[in-house]
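All ligand and atom numbering here is 1-based and tracks the order in the structure. Keep in mind it's a predicted model, so treat the numbers as computed, not measured.
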Amino acid sequence: MADTHPCDAHIRHDLRTPLNHMIGYTEMLLDDLPPTCNDLLSPRLKTLLDDAYRMLETINRPAPMSSGHFDGLFPDWRAKMALIEADFNGLKSTIENAWQEACPDVEKIGSAIGNMRALLESLSAKPSIDLGDARSQQNARETATHATGGSGHAGGHLLIVDDRQENLELMQRRLIREGYRVTVSNSGREALDRLESEQFDVILLDWLMPDMSGTEVLAKIRSKSSAHEQPVIVVTARHGSETIVDALTQGANDYLAKPLDFPVALARIATQVYLRRVTQQLADANRQLKQFSYIDGLTAIANRRKFDEYLMTTWRRAQQEGAPVSLILIDVDYFKRYNDSLGHEAGDHALMRVAKAVSSSLYRVKDLAARYGGEEFAVILPETELADALSVAERVRSAVMSLELPHPDSTVMPVVTASLGVGEWRPTAFCEPSALINLADKGLYQAKASGRNQVGTLGQN
Ligand SMILES: Nc1nc2c(ncn2[C@@H]2O[C@H](COP(=O)(O)OP(=O)(O)OP(=O)(O)O)[C@@H](O)[C@H]2O)c(=O)[nH]1
């Protein structure tokens, strides 16, 4: 239903608040009734709920309530209020006689009814009703405090943001019973502080709050996380489509209207929790897939694609910082002969061992060993000068030879050996990584030409 005037909306909101509390506590009591007193108390609670919902219909009725005398605008309120009070008194006397312990929240229902009566009386006492008065009287009666807590199963971690303590308490208790972990904040500011250090599956955000409105809180949340990353369900007492459209266009994932229809609220919360989980799983799977796409299937070290990307990243950083980059190219000697004499499977096995020897020879996290292609490997050494690169290359050469993999057909040694080429470059603005690859390749050619199983270099650019 659309509110007819902004003042109407506020007065209706103020009237709905104690009524919603009363309905919420009554529904909870109904849910929790022990079987022994179910037959006795359940009809009384249902009658109370029916009358409360009738009152709610009247409050939501699209008649202007912001000007004129309240009794003229809402003539049947006394009769409706009296019915609710009579229902409650009957309920209370039954409970007091026998079921006090089973119904711990009955006093909360009573105090919500008391608040409702006081608000209606104060509106009725005015010569003509006025928004400012209605709000300040209600606010004076209800102090907003905050509470945190809640434990439960891994149903999801929820943050409820609402300036009304009763709203927080009601929702928190009901959601905890559904298996959620629930944290509450009584202001947008406090909620934003929490978000700095805590993660929530879903945020239930009250739209109308005094210090920082739901709109502002949502804007701040969306400046940091998308709707996929941080679902937000706006909870609004305004039923007009304008508010709902506003909330959704500002990035809310969904909305709930007050008074909360609890089963509907549960279904919507569960949907958002589920969607967030699925989105996270998808993101994890994509991350993993990306990792796999960078790994060589045979040797399990970085593949050529990773090599190309990492060399480019290293190159760009070195351009900015004026740092040197060194590269080692490694070629297994006479590997065709190895395959031919011992078989392709033995060749695969040898390549796996060589890859392990190369990567084990690197001590810094930022150094990258990759399979460059076939029986060729490469090592990228960021921020490394030629002298240091030459000693890493020597370590690699020695590690390969020390594997002592028999190579009956090699004219270098009777074991698998490798030739290595090393280059160092300080990249300037206009040169590309291919220059460094060419330099290292010339070093490799030199190593081969000089008899293999050695490190060759043409130096630095
Ligand atoms: N088993 C196996 N062999 C491979 C693999 N990739 C490339 N090779 C073989 O490696 C050999 C490389 O041969 P060449 O390029 O002639 O080089 P080489 O025999 O090492 O000779 P030099 O480089 O001059 O010492 C080829 O026979 C390829 O089939 C692989 O994944 N597994």
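For residues 218-233, the pairs satisfying salt bridge (Lys or Arg N to Asp or Glu O under 4.0 Å) are Glu196-Lys224, with sequence neighbours left out. For residues 244-278, there are no ring-ring contact (aromatic ring centres under 6.0 Å, His included) pairs, not counting sequence neighbours. Pairs of residues two or more places apart, or lying in two chains, that qualify as ring-ring contact (aromatic ring centres under 6.0 Å, His included) and include a residue from residues 367-421 are Phe307-Tyr372, Tyr338-His407.
Annotation: the span from Leu386 atom CG to Leu390 atom CG amounts to 4.0 Å, rounded to 0.5 Å.
Ligand 1 lies under 4.0 Å from heavy atoms of Leu298, Asp331, Val332, Asp333, Tyr334, Phe335, Lys336, Asn339, His344, Gly347, Asp348, Leu351, Arg371, Gly374, Glu375, Lys448, Arg452.
Of the possible donor and acceptor atoms, one in the side chain of Tyr310 sits under 3.5 Å from a partner among the backbone N and O of Lys366.
With Asp201 as reference, Arg277 is the one residue of His157, Gln272, Gln230, Arg277 to meet the side chain to side chain donor-acceptor pair (under 3.5 Å) rule.
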